[in-house]
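Scroll down for the structure; my scribbles are underneath it.
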Amino acid sequence: MASVSQPQFRYTQPPSKVLHLRNLPWECTEEELTELGKPFGRVVNTKCNVGANRNQAFIEFADLNQAIAMISYYASSSEPAQVRGKTVYLQYSNRQEIINNKTTADVAGNVLLVTIDGQDARLVSIDVLHLVFSAFGFVHKITTFEKTAGFQALVQFSGAETATSAKNALDGRIIPRYLLSENIAPCTLRIMYSAHTDLSVKFQSHRSRDYTNPYLSVAPSAIDGSGQFSLVLDGKKLEPESNVLLASIENMQYAVTLDVLHMVFSAFGLVQKIAMFDKNGGVQALIQYPDVQTAVVAKEALEGHCIYDGGFCKLHISYSRHTDLSIKVNNDRSRDYTIPNPAMVNQQPSILGQQSVQTMSPASHEYNGTQYASGLEQPMMPPQPSAGWASGVPAVSQSIPVQMTNHPYMPPTSMPQMTPGMMQMPGHGGVPPSGTVPHGPNQLY
DNA sequence: AGCACA
């Protein structure tokens, strides 16, 4: 065998009045260390939260014999040294004194270094962090990053006072469950002071935010393929208002056709163009109005509502960065309604005609995601749109059987005419009498 | 669970 090289660790240390402890709970305080050493002598200095995991510590006794007493005691004790129920391992330190560089982590500042602990720590969004810390004062900026210590965030407050109150209240606590998805494991916050006083946030992104400057440009990485912002700031969408809306459809049990979208969005004003596309396994659409105001009203009215009863085809709407869509071809997925197209008009009703023959039971035509992709099969006829906003459908579409649901939306300014029949539709089943169908968009003009 | 920001 080769000669014995220097062992990485020496298992017997020469005595020192400084003891090295490991396997401590990270919450361990200097007071607890003092308590632990007190029975054996006078503790003159301590240092906790040492090491990358902050689970090591040092205790310095006034006299070497006191340190020896403690080591000897626990060497033969049946009860191990414990802090907060955790067994701690101790040995002589290879240093002779504790050097207490009172730096960053100990000195109160306006910026907190937050470590998020837990299985799913990195699933905690910056918005959740913002919410949690905002309880203690205005949060100026947040940055998040990954280090060896795990998923961390720097949270900037106005001053050390608010930062300290947040630290005192949140250090060691878990993020309230109701702020996280049910399937996310508990996340604990560990908080120290950072040496920073002002974070530099260049972009609004999923990793960093500057709440003092909402109009800071958005990181290119945060803009998706459709030119859409996906950020949220203070619970509000960050993107500026636009005359073009991006609608994504959640829980799409039924195929949503261009015509259904046109009908729904026409309730708030002239729809100039619609483009539908597949995104992340779902369907999204860009809907263009002539002006921003109409789009704002439509967004406010439709956001979060379902096209069909039963929570089907829930709409999520945000503003697009687009102002004018370029529709290259009029087909079942995109349409420019500003350009009269006789050929299209002739093609289009055929789709509606075929679909209008019978209604189907909802179960018989669940959206399977392949209907569009195949290109061979026409999207099947969904049950009639039935959500509250349909009350705003223009009079030309009044043959649509509209049901008033639990959350009827009344457009704040211009409530379109209601025909008596619209109000009198019975039931909430979402399945219309057979033979009813949305009018083709061409009839609106 | 192994020595103090490298």
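Letters A, B, ... are given to chains in the order of the sequence lines, protein chains preceding strands, and every chain is numbered from 1. Hydrogens, waters and symmetry mates are skipped; everything else that's a heavy atom, side chains included, is used.
The CG atom of A:N23 sits 13 Å away from the P atom of B:dC3 (whole-angstrom rounding). One can place CG of A:L19 at 15 Å from C1' of B:dA4, the figure rounded to the nearest angstrom. Spacing between atom CG of A:L113 and atom C1' of B:dC5 amounts to 12 Å, rounded to whole angstrom units. Counting to the nearest Å, the C1' atom of B:dA1 and the CD atom of A:Q91 are 10 Å from each other. The separation between A:N49 atom CG and B:dC3 atom P is 16 Å, rounded to whole Å. Here the P atom of nucleotide B:dA4 and the CD1 atom of A:I59 are 17 Å apart, to the nearest Å. Summarising the geometry, the separation between CD on A:Q56 and C1' on B:dC5 is reported as 14 Å, rounded to the nearest angstrom. In this structure, A:N53 atom CG and B:dA4 atom C1' are separated by 14 Å, rounded to whole Å.
Place A:V50 and A:K86 on DNA chain B by their nearest nucleotides, and A:K86 ends up nearer the 5' end.
Across B:dA4, B:dA1, B:dC3, the shortest atom-to-atom separation from the side chain of A:H20 is found for B:dC3.
Between A:F58 and A:H20, the ring-plane angle classifies as tilted under the 30° and 60° cut-offs.
Residue A:R84 places its CZ atom among more than 12 non-hydrogen atoms of other residues, nucleotides or ligands, all under 6.0 Å distant. In this structure, A:R122 places its CZ atom where more than 12 heavy-atom neighbours from other residues, nucleotides or ligands lie under 6.0 Å away.
In summary, the side chains of A:Q91 and A:R22 do present a donor paired with an acceptor at a separation below 3.5 Å, with no hydrogens or angles considered.
Using a 4.0 Å heavy-atom criterion, one finds that A:E97 contacts the bases of the nucleic acid, with or without backbone contacts as well.
Look at A:R22 and you won't find any side-chain N or O under 4.0 angstrom from OP1 or OP2 of B:dC3.
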